[in-house]
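Report on the structure given below.
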Amino acid sequence: YQTFDGDLKWDHNDITYRILSYSPDLDASIIDDAFVRAFKVWSDVTPLTFTRLYNGIADIMISFGKKDHGDFYPFDGKDGLLAHAYPPGEGVQGDAHFDDDEYWTLGSGPAIKTYYGNAEGALCHFPFRFEGKSYSTCTTEGREDGLPWCATTADYGKDGKYGFCPSELLYTFDGNGDGQECVFPFVFEGKTYTSCTTEGRDDGYRWCATTANFDQDKKYGFCPNRDTAVIGGNSEGEPCQFPFSFLGKTYTSCTSEGRSDGKLWCATTSNYDKDSKWGFCPDKGYSLFLVAAHEFGHALGLEHSNIQDALMYPMYKYIADFSLHQDDIEGIQYLYGPKTGPDPTPPKPSTTTTSPVSTLKPTKKTPNTTPSTTPTTTPSVYTPVDPSVDPCKVDKFDAITEIQGELHFFKDGYYWKSSNRGNKARKGPFMVSERWPALPAKLDTAFEGSLTNKMYFFAGTKFWVFTGKNVLGPRRIEKLGLPVSLKKVEGALQRGKGKVLLFSGENYWSLDLKTQQIDKGYPRHIDVTFPEVPMDAHDVFLYNRNYYFCRDIYYWRMTSKRQVDKVGYVYELLNCP
Amino acid sequence: WCHPIKTIFVTFPGDVIKNMTDFELAESYLKRFGYMEILDKSGQQGALSTSKALRRLQNQLGLKETGKLDQPTIDAIKTPRCGVPDVRN
């Protein structure tokens with residue numbers, strides 16, 4: 001292994017990263033997950049932790065780009081250079097760039113996540129059979145609305161499991177169209193467009209308007225690539241047109257004719273000689289996970305290794321069951337030392353099907369029809385959550401708080417809602433990451449600011465402040481004036497306007513939300529102000545003007561006159577049967 | 001009818017990778033990834049001969065050091081890779 005001159009490394013172990021853009025090749029959730037796993041390669045063997053930021057400047061800023069993409073190191077079209085990253089430091093240092101003229105997959109061919117349908121977001125299964133025919137790509141057969149779909153098992157006729165494939169008719173990503181699907185035709189600079197276009201851009205990304213008139217509404221999004229789309233060339237995103245003629249000869253499949261590099265290509269119109277529109281045919285693609293893990297090695301301070309099996313070897317090689325080579329381990333531990341102690345992150349639900357942030361999601365919309373022999377099913381927009389998670393069996397919630405009149409119960413990345421007004425039916429589980437992206441699965445405390453409706457979350461020694469979906473943080477709790485030695489904040493009680501009492505162990509502090517600082521005269525001992533409640537409460541919250549102190553499955557309710565008037569089961573608050 | 005068909009190579013519009021000979025490709029590779037130009041002990045920038053640069057490349061990539069543009073080296077430089085230079089001056 002090699003390190004950069006002067007052993008360049010981060011001077012802190014809590015590294016932050018931010019994903020600035022996505023590739024049209026993969027669903028955002030698959031990209032997010034690939035990056036999470038790539039960081040985990042390094043955090044598994046060092047004391048480093050990686051936290052995702054959704055705005056602001058992170059240590060490692062991740063983006064996709066093509067050719068000249070804003071630094072002095074342009075990419076070179078399909079194949080050749082795949083990505084690059086900069087060693088630790090300020091500015092562009094630490095950043096990782098991925099060449100979007102590559103076909104990004106998980107390394108073994110198209111990884112097509114489905115939407116809606118009845119497969120709960122499973123990947124397409126290729127090939128699959130449908131009405132006696134085998135399909136190796138998404139198809140519009142059996143539908144009249146042009147929406148491509150696929151089966152998620154080998155035989156649609158037998159299992160009936162299906163979902164819709166990425167297409168601009170289903171959703172867009174990035175941009176400002178909130179993930180809405182394209183509206184065709186749309187008007188851009190007075191001209192009408194009936195398909196996605198690269199007009200008006202010099203980076204080659206295909207976009208569309210999400211209303212009928214871009215000039216008027218300025219709403220747009222980028223078009224996801226269909227699985228049949230060509231890569232690179234001058235027709236990125238368009239499907240091959242078969243048959244097509246090239247140098248007077250007719251081709252019914254991809255060919256390497258006319259090229260010295262043997263790469264397969266096709267025309268995207270019926271006549272290459274006349275239109276010169278072409279692109280490379282989809283292949284196995286490059287594993288975003290493997291390339292990202294390599295690039296993050298650079299971003300952490302490793303140079304290329306000359307060991308051929310090491311992750312930091314400069315050439316790409318697909319490995320199905322990846323494990324970090326000893327050379328890489330020695331290299332990264334030379335910089336940051338070995339991992340010590342147990343993993344601080346508790347087990348949490350699998351992230352492999354985590355949804356992208358909400359702005360990238362398809363809108364809540366049911367496709368008009370389903371494949372011809374399929375019964376109508378309820379569309380699933382949100383990430384499927386394991387329905388077996390029963391809140392009425394949770395023996396200790398991470399946090400409980402009232403938000404907009406409803407009690408919210410948090411546990412391991414999920415939350416449930418209940419109310420003692422109107423419909424008392426319990427709602428959930430919901431995923432915390434859907435509503436408040438950036439938060440860790442394990443929370444200690446949450447509360448809603450009484451003046452601004454901002455949401456405050458505490459986990460360990462960090463806290464986050466949400467205004468809607470916008471987040472500030474994570475910041476360290478000592479920034480609020482809490483002691484550096486404090487391990488976590490376990491509860492919160494809003495008092496009056498703009499004050500919150502924060503609880504930890506047997507002490508509490510008064511936080512002024514306006515100044516974001518702890519008031520003088522704190523900490524105080526719980527016993528003095530709140531007698532007759534347990535000293536080891538792990539959840540403290542305000543609900544219906546009463547104070548609640550929880551220990552395991554029990555709560556102590558205290559009135560505003562500081563009298564404990566009831567002790568009960570937490571499940572009662574959750575409206576459990 | 002059994003005459004070999006003459007292959008015609010086409011310049012595809014928008015194709016960044018041009019048809020290059022193996023030698024041209026190797027030269028551009030050696031320059032791009034830092035093998036050609038090095039700093040000597042006095043800090044002066046000097047250019048290595050292609051043969052020496054090839055040896056450095058072969059050493060770095062774990063190939064047999066022949067100093068020649070042999071097939072394993074050609075295969076290596078045609079393999080997709082990371083854009084970070086191998087040799088930093």
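Each chain gets a letter, A, B and so on, in the order its sequence line appears, and its residues count up from 1.
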Take atom [atom1] in [X]; do more than 12 heavy atoms of anything else shown fall under 6.0 Å from it?
| X | atom1 | answer |
| --- | --- | --- |
| A/Phe4 | CZ | yes |
| A/Tyr318 | OH | yes |
| A/Asp202 | CG | no |
| B/Gln71 | CD | yes |
| A/Phe242 | CZ | yes |

Proximal component of [X], with respect to chain B [non-hydrogen, under 4.5 Å]:
| X | answer |
| --- | --- |
| A/Tyr313 | side chain |
| A/Leu247 | side chain |
| A/Ser235 | neither |

Inset, instruction - Determine whether B/Pro80 and A/Glu102 make a side-chain contact, defined as any pair of heavy atoms from C-beta on separated by less than 4.5 Å. - result: no
Inset, instruction - Working to the nearest 0.5 Å, report the span between CZ of B/Arg81 and CG of A/Leu82. - result: 9.5 Å
Inset, instruction - Calculate, to the nearest 0.5 Å, the distance between atoms CG and CG belonging to A/Asn306 and B/Leu63 respectively. - result: 10.5 Å
Legend entry - Under 3.5 Å donor-acceptor, A/Gln308 side chain and B/Leu61 backbone: yes
If I compare all heavy atoms of [X] with all of [Y], which pair ends up nearest, and what's the gap?
| X | Y | value |
| --- | --- | --- |
| B/Cys82 | A/Leu81 | O-CD2, 4.3 Å |
| A/His304 | B/Gln60 | O-NE2, 3.9 Å |
| B/Pro13 | A/Ser276 | CG-O, 3.6 Å |

Inset, instruction - Indicate the ring-plane relationship of B/Phe12 and A/Tyr272, choosing parallel, tilted or perpendicular according to the 30° and 60° boundaries. - result: tilted
